[in-house]
Amino acid sequence: MFSCNTSTSGHSTFLLTGFPGLEASQYWVSIPINLICVVSILGNSVILFLIRTDPALQQPMYIFLSMLAASDLCLCASTFPTMVRLFWLGARELPFNLCAAQMFFIHAFTYVESGVLLAMAFDRFVAIRDPLHYATILTHSAMAKVGAAILVRAVVLNLPGPMLLWRLLFPKVSVLSHCYCLHCDLVGLACSDTQISSLVGLVSIVLSLGLDSCLIMLSYALILRTVLGLASPGEQLRALNTCVSHLCIVLIFYLPKLGLSVLHRVEKHSYPALAVLMANLHFLVPPFMNPIVYCIKSKQIRQGLLKRFQEKKVDVS
């Protein structure tokens with residue numbers, strides 16, 4: 001714990017944290033995490049390439065999926081560099097400017113992903129509730145506006161955070177709880193009054209993750225009501241089957257956040273290495289699992305992959 005007697009504003013150095021108690025084997029422990037990052041980048045890049053090049057995938061559902069893949073790639077790009085520097089190069093120091101920038105991008109792309117998941121829930125509701133007008137409601141123009149609104153909301157909600165951090169005083173050197181910079185972590189290290197920064201962070205979370213999760217639950221309540229109104233059990237099963245992939249990635253996105261929140265309140269100090277591992281998985285699991293879920297559950301994605309492999313074989317022949 002560093003003293004606040006020599007606190008400064010905007011010129012602090014932050015030390016990233018690896019796995020407490022596992023410093024001797026940290027290099028080996030980090031290998032699976034780095035592999036997850038690499039697979040996440042490759043998987044989401046493949047999804048983007050397929051949707052961009054395959055006319056059969058130019059549908060609203062898959063265009064929203066491409067937005068999700070793009071946000072996953074940006075989230076990996078926001079967290080991966082500092083993790084590589086820490087685990088492979090042993091570089092812990094991060095200046096205030098870089099830390100604040102990383103904090104902004106991590107939270108912004110997390111909010112973007114949450115907004116895209118909400119848009120995908122609306123997409124599933126429209127497809128089940130009004131399939132005849134599905135293509136006229138979710139036009140390319142409408143989806144572009146939705147994507148722009150999601151991005152603008154993420155930027156607007158996250159801009160005050162770094163700006164308010166500049167007004168806070170930090171020790172010359174501060175030790176972070178994770179291997180990247182988060183708003184709550186930085187606010188907790190400040191030596192000056194943090195009420196405004198804490199309130200702004202809470203409001204941004206409520207207006208993004210909190211609001212989105214409530215609207216997603218409402219969408220699925222309306223979807224379930226619509227499905228139960230269908231005549232035959234076969235139609236009900238087919239309608240619900242179109243939501244399985246999206247429901248899986250919603251759970252993958254929100255459950256790690258819930259698990260990390262519980263761990264921070266119950267066993268963070270008893271098992272610090274577990275808390276750090278959960279924090280890493282909290283950001284790494286969704287980008288890693290989203291392409292896998294859609295490759296397994298989506299017939300169109302699998303057909304697109306097979307088509308590309310067959311074209312490669314023909315070119316080689």
**Q** So, C37 with C76, SGs under 2.5 angstrom?
**A** no
**Q** Check whether any side-chain heavy atom of R153 lies under 4.5 Å from a side-chain heavy atom of S208, and answer yes or no.
**A** yes
**Q** Yes or no on side chain to side chain contact (heavy atoms under 4.5 Å, CB included) for S45 and L42, after CA distance, side-chain angles and deciding distance?
**A** CA-CA 5 Å; S45 298; L42 291 176; 5.7 Å; no
**Q** Check whether V156 and L165 end up in the same hydrophobic cluster, where Ile, Leu, Val, Met, Phe, Trp and Tyr are linked by side-chain heavy atoms less than 4.5 Å apart.
**A**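 The answer is no; the residues belong to distinct hydrophobic clusters.
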**Q** Do R92 side-chain atoms and L86 backbone N/O form a donor-acceptor pair below 3.5 Å?
**A** no
**Q** Checking side chain to side chain contact (heavy atoms under 4.5 Å, CB included) for the pair F288/I252: CA distance, chi angles, key distance, verdict?
**A** CA-CA 10 Å; F288 174 73; I252 289 169; over 6 Å; no
**Q** If every non-hydrogen atom of A154 is compared with every non-hydrogen atom of V112, which pair is closest and at what distance?
**A** CB-CG2, 3.6 Å
**Q** Ignoring hydrogens, what is the shortest heavy-atom contact between R302 and K297? Give both atom names and the distance.
**A** NH1-C, 3.8 Å
**Q** Look at the rings of Y111 and H107 and say which category their plane angle falls in: under 30° parallel, 30 to 60° tilted, over 60° perpendicular.
**A** tilted
**Q** Just by modelled atom types, is the L176 backbone N or O under 3.5 Å from a matching donor or acceptor in the D185 side chain?
**A**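 Side chain of D185 to backbone of L176, a donor-acceptor pair under 3.5 Å: no, none is there.
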**Q** Is any side-chain heavy atom of L73 closer than 4.5 Å to one of L48?
**A** yes
**Q** How close do I47 and A69 get, counting heavy atoms only, and between which atoms?
**A**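 That closest heavy-atom pairing would be CG2-CB, 4.1 Å.
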**Q** Within the structure provided, determine whether F122 and L215 are in side-chain contact (heavy-atom separation under 4.5 Å).
**A**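 Of all side-chain heavy-atom pairs linking L215 with F122, none is under 4.5 Å.
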**Q** Given 3.5 Å as the limit, does a donor-acceptor pair link the side chain of S298 with the main chain of C295, or not?
**A**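 Here the side-chain-to-backbone pair does not exist.
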**Q** For V173, does its backbone N or O pair with a side-chain atom of T13 as donor and acceptor, under 3.5 Å?
**A**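 Here the side-chain-to-backbone pair does not exist.
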**Q** How long is the straight-line distance from CD1 of I36 back to CD1 of I41, given to the nearest 0.5 Å?
**A** 12.0 Å
**Q** Is the backbone of A119 close enough, under 3.5 Å, to the side chain of D123 for a donor and an acceptor to pair up by distance?
**A**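 Checked: no pair found.
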**Q** If you count heavy atoms of other groups shown closer than 6.0 angstrom to CD1 of I196, is the number above 12?
**A** no
**Q** Measure the shortest side-chain to side-chain distance between L209 and F253 over non-hydrogen atoms and say whether it is less than 4.5 angstrom.
**A**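 Yes, close enough: below the 4.5 Å cut-off.
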**Q** Within the distance-only criterion (no hydrogens, no angle test), does the side chain of S192 pair as donor or acceptor with the backbone N or O of L168 below 3.5 angstrom?
**A**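 Side chain of S192 to backbone of L168, a donor-acceptor pair under 3.5 Å: no, none is there.
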**Q** Considering non-hydrogen atoms only, spot the tightest contact between S213 and Y254 and give its length.
**A** N-OH, 3.7 Å
**Q** Is the H246-F125 ring centre distance short of 6.0 angstrom?
**A**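 Between F125 and H246, which both carry aromatic rings, the centre distance is not below 6.0 Å.
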**Q** Nearest 0.5 Å please: distance from the CG atom of L240 over to the CD1 atom of I128.
**A** 6.5 Å
**Q** So, taking the atom named SG in C181 and the one named CD1 in I106, what distance separates them when rounded to the nearest 0.5 Å?
**A** 7.0 Å
**Q** Is there a path of hydrophobic side-chain contacts, each under 4.5 Å between heavy atoms, that joins L218 and V146?
**A** yes
**Q** Do P287 and N44 touch side chain to side chain, with heavy atoms closer than 4.5 Å?
**A**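 Touching, per the 4.5 Å side-chain cut-off.
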**Q** Please give me the minimum heavy-atom distance between F104 and V155, naming the atom from each residue.
**A** CE1-O, 4.1 Å
**Q** When you measure from the side chain of D130 to the backbone of V126, do you find a donor-acceptor pair of N or O atoms at a distance under 3.5 Å?
**A**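 Side chain of D130 to backbone of V126, a donor-acceptor pair under 3.5 Å: no, none is there.
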**Q** Can you find a pair of side-chain heavy atoms, one from I249 and one from M120, that are under 4.5 Å apart?
**A** yes
**Q** Could you see if F49 belongs to whatever hydrophobic cluster contains I51? Use Ile, Leu, Val, Met, Phe, Trp, Tyr and a side-chain cutoff under 4.5 Å.
**A** no
**Q** Any side-chain heavy atom of P291 within less than 4.5 Å of one from V46?
**A** no
**Q** Give, for atom CG of L305 and atom CG of D54, the distance between the pair rounded to the nearest 0.5 Å.
**A** 10.0 Å
**Q** A side-chain contact here means heavy atoms from C-beta on lying under 4.5 Å apart; do D72 and E113 qualify?
**A** yes
**Q** Answer yes or no: is there a donor N or O on one side and an acceptor on the other, between the side chain of S197 and the main chain of T194, under 3.5 Å?
**A**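 The answer is no, because no donor-acceptor pair under 3.5 Å joins these two groups.
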**Q** Checking S12 side chain against P171 main chain: does a donor-acceptor pair fall under 3.5 Å?
**A** yes
**Q** Would you give the length of the straight line joining atom CD1 of I301 to atom CG of L65, rounded to the nearest 0.5 angstrom?
**A**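 With rounding to 0.5 Å, CD1 (I301) is 5.5 Å from CG (L65).
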**Q** So, Y62 versus Y294, ring centres under 6.0 angstrom or not?
**A** no
**Q** What is the distance from atom CG of L202 to atom SG of C184, rounded to the nearest 0.5 Å?
**A**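 Atom-to-atom, L202:CG and C184:SG are 11.5 Å apart.
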**Q** Run L284 and L75 through side chain to side chain contact (heavy atoms under 4.5 Å, CB included) and show every step you take.
**A** CA-CA 9 Å; L284 296 178; L75 192 57; over 6 Å; no
**Q** Would a distance-only check, ignoring hydrogens and angles, find a side-chain to backbone donor-acceptor pair under 3.5 Å from S66 to I63?
**A**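 Here the side-chain-to-backbone pair exists.
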**Q** Determine the minimum heavy-atom distance between R124 and T242, stating which atoms define it.
**A** CD-O, 3.4 Å
**Q** Would you kindly confirm whether L207 and M217 end up in one hydrophobic cluster when ILVMFWY residues are joined by side chain heavy atoms under 4.5 Å apart?
**A**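 No, no single cluster joins them.
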**Q** Is there a side chain to side chain contact (heavy atoms under 4.5 Å, CB included) between W88 and I31? Walk through the geometry before answering.
**A** CA-CA 9 Å; W88 291 79; I31 290 177; 4.2 Å; yes
**Q** In terms of hydrophobic clustering (I, L, V, M, F, W, Y; side-chain heavy atoms under 4.5 Å; direct or indirect links), are V244 and I216 co-clustered?
**A**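 Looking at the clustering, I216 is in a separate group from V244.
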